[in-house]
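When reading the values below, keep in mind they use all heavy atoms of this one structure, side chains included, and skip hydrogens, waters and symmetry mates. Throughout, a chain's letter reflects where its sequence line sits, starting with A, and its residues are numbered from 1. Model, not experiment: these values are computed from the prediction.
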There are 2 protein chains.
Amino acid sequence: MAQIKDVARQAGVSVASVSRVMAGHTGVSEATRQRVLDAVQALDYRPDLAARRLRSRRTDTIGLIVSDIRNPFFTEISRAVEDMAYQHRMRVILCNADEDPEKEALYLDLMRDENVSGVILSPTLPTLARFRASDYPFPVVLVDRCDRETAADAVVLDNVDSAYRLTAHLIERGHRRIVFIYGVTSATGRQRHEGYITAMATHGLETLAKGVPATVDAARTAATELVSGRPLPDALVASNGIILLGLTEALQEARLRFPQQIALAGFDNLPWTRLVEPGITVISQPTYDLGQAAIELLLQRIAHSAQSVRRVVMRGELIERGSSAKRGG
Amino acid sequence: MAQIKDVARQAGVSVASVSRVMAGHTGVSEATRQRVLDAVQALDYRPDLAARRLRSRRTDTIGLIVSDIRNPFFTEISRAVEDMAYQHRMRVILCNADEDPEKEALYLDLMRDENVSGVILSPTLPTLARFRASDYPFPVVLVDRCDRETAADAVVLDNVDSAYRLTAHLIERGHRRIVFIYGVTSATGRQRHEGYITAMATHGLETLAKGVPATVDAARTAATELVSGRPLPDALVASNGIILLGLTEALQEARLRFPQQIALAGFDNLPWTRLVEPGITVISQPTYDLGQAAIELLLQRIAHSAQSVRRVVMRGELIERGSSAKRGG
DNA sequence: AATTATTTTGTAAACGATTACAAATATGCC
DNA sequence: GGCATATTTGTAATCGTTTACAAAATAATT
């Protein structure tokens with residue numbers, strides 16, 4: 001394996017010049033530059049990253065800690081982050097915290113050890129509650145989950161507003177007893193719950209919400225119980241795609257057709273939501289964009305550590321399908 | 001930030017002793033061991049990974065190059081790999097090649113630069129065709145995709161057999177004009193196609209297959225065309241979950257009910273396949289196990305580079321649902 | 001107790017790059 | 001051409017560990 005000194009010898013220059021050329025530095029003559037490049041080519045020289053990182057104290061690596069990689073939402077975020085990162089010649093270390101605050105803490109520690117340039121994090125509620133950007137030696141951009149108080153760069157959906165619009169949409173379609181089933185482990189669940197509450201209150205309706213762990217099973221169980229009571233709710237609304245899946249399964253098991261017997265809606269425009277007849281009304285999140293914005297924000301922060309704290313809020317899009325239609329209609 | 005020499009001073013020992021304790025080496029007395037540990041604790045010392053990696057020439061990092069992170073199959077693989085890796089105190093660098101051989105090559109190069117301990121790869125067809133383990137300075141374990149000729153550690157499904165069983169199942173249910181729609185970009189598509197061919201031939205039936213790029217859109221388009229001709233096929237079979245999604249969408253758009261008008265089946269037990277009435281018959285892949293087996297194989301290979309080449313084949317499980325039922329029944 | 005074998009410890013040389021700093025060379029201006 | 005300035009180059013220190021090797025301490029054997 002060729003080393004920098006081999007290249008220097010081959011090119012007839014000093015190692016410093018080689019290093020400068022490799023770094024794309026200015027202040028090196030075109031002549032030497034070309035000779036170095038030729039030598040690099042001839043020897044198939046590739047700088048040793050460990051050495052470079054040790055000396056330069058930079059890793060050009062970013063950590064991505066997602067709360068649940070199985071959730072297609074985060075998959076898409078990861079994809080965006082990864083795409084952009086490699087375009088900026090940065091590496092990505094992916095960590096899946098599985099909605100477990102301990103794992104999250106562990107991974108954040110690991111990021112410190114790795115001396116990453118920055119981290120993109122979708123925190124669980126406990127972590128978010130005590131989150132202080134200054135606790136970490138690297139910049140952190142929150143994605144998807146953030147609350148009013150948190151002073152950190154973040155990229156999020158307009159959760160409250162989207163939930164409001166989704167709820168209002170159902171009310172407009174004539175539904176009254178609307179039950180909101182939301183994930184209690186995440187900030188998004190709570191915020192969407194808030195939007196639901198506001199919408200119901202604004203229309204003078206009684207709120208009927210149920211918090212559950214953000215798993216398909218928990219959602220299914222909760223929904224099964226809900227629809228076994230009487231009177232049947234007019235509509236069920238899920239705070240995210242995982243929960244929506246659970247609700248849909250529950251309705252199917254209970255042999256309840258939507259929207260004839262009960263309406264259904266939720267967050268996340270997953271492929272299957274338009275597949276189950278007559279399609280499920282959802283708030284579609286711009287997932288790829290969210291991820292892209294997150295890493296762009298992070299790169300900016302890395303470049304200008306002193307810039308003011310930013311929050312990017314993206315609008316969710318209501319996609320109306322059959323599941324939310326008027327009962328009588 | 002405390003360094004090893006600070007710890008050494010604090011503990012009243014040499015840096016070598018500290019290093020030995022940190023590495024969990026034997027040959028250090030219990031007394032010094034304890035003093036070092038105390039000093040480490042007191043100073044909150046964390047070894048600098050860049051320095052360690054430079055000197056030891058080991059990174060304890062593995063590269064995971066998946067062909068399409070949006071495919072839930074690979075998501076689950078990633079999850080397994082990541083879980084196991086961190087349990088073995090190894091890092092994971094995730095790369096998404098997006099079914100693009102060039103990106104794949106680029107990432108494999110990057111793995112070389114990173115000096116990874118090993119790589120888990122699900123190669124595209126071109127990459128697989130010219131794959132020679134000896135071309136890489138690190139061990140590689142193939143996952144999901146591998147062919148007869150390739151001399152490399154691999155973990156795969158029994159593709160041919162599973163496809164055979166799935167096809168035979170449809171034949172048994174009385175279907176005759178069975179069309180197999182498969183992804184031409186991957187080895188799995190071809191192998192499953194092979195199983196289909198064998199099953200059809202064994203039963204004296206004409207084969208009707210169509211290769212498509214492994215995307216939802218391509219599959220939908222192909223299926224739409226297929227079902228617009230007459231006579232209508234008895235059944236459509238998809239070689240993976242992405243294609244199955246496309247087929248299902250096409251049938252829905254064409255307002256064809258299954259199994260009444262046309263039967264449907266495929267690979268990958270995705271959550272939605274049991275959601276669309278009356279459920280889709282699928283071959284379920286043990287995804288998490290596949291990932292787990294892959295990294296275990298890799299770790300073994302890293303530990304014993306000379307061990308003989310291994311192939312782990314896992315059995316797919318036929319999950320029978322309504323979509324494959326007898327037409328008349 | 002002397003000798004040998006074994007375990008534990010310390011010193012100092014790597015690992016392969018980056019980067020101050022100084023020296024050398026080129027350029028501009030009168 | 002001579003001087004000041006700007007640009008380009010090279011030398012050598014440095015990043016923070018690991019580890020070969022030798023030395024010291026301890027244990028085992030006679």
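Summarising the geometry, the separation between NE2 on His25(B) and C1' on dA20(D) is reported as 13 Å, rounded to the nearest angstrom. Regarding Met22(A), its CE atom lies at a distance of 8 Å from the P atom of dT18(C), rounded to whole Å. One atom, CG of Leu49(A), and another, C1' of dA17(C), lie 10 Å apart when rounded to the nearest Å. Between the CZ atom of Arg53(A) and the P atom of dT17(D) there is a distance of 17 Å, rounded to whole Å.
Among Val156(A), Asp144(A), Ile77(A), the one residue that satisfies the side chain to side chain contact (heavy atoms under 4.5 Å, CB included) test with Leu290(A) is Ile77(A).
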Inset, instruction - Would you give a per-nucleotide map of nucleotides 8-16 of chain D, 5' to 3', where B means the base has a protein non-hydrogen atom under 4.0 Å away, S means only the sugar-phosphate does, and - means neither? - result: SBBBBBBBB
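Ion pair Arg52(A)/Asp113(B) not flagged as a salt bridge, since none of the NZ, NE, NH1 or NH2 atoms sits closer than 4.0 Å to an Asp/Glu carboxylate oxygen.
Distance check, rounded to the nearest 0.5 Å: CD1 of Ile120(A) to CD1 of Ile295(A) gives 5.0 Å. Atom-to-atom distance recorded for Asp68(B):CG and Asn96(B):CG is 6.0 Å, nearest 0.5 angstrom. The CG atom of Asp6(A) lies 11.0 Å from the CE atom of Met1(A); values are rounded to the nearest 0.5 Å.
In this structure, Phe74(A) and Ser122(A) have side chains that are in contact, with non-hydrogen atoms separated by less than 4.5 Å.
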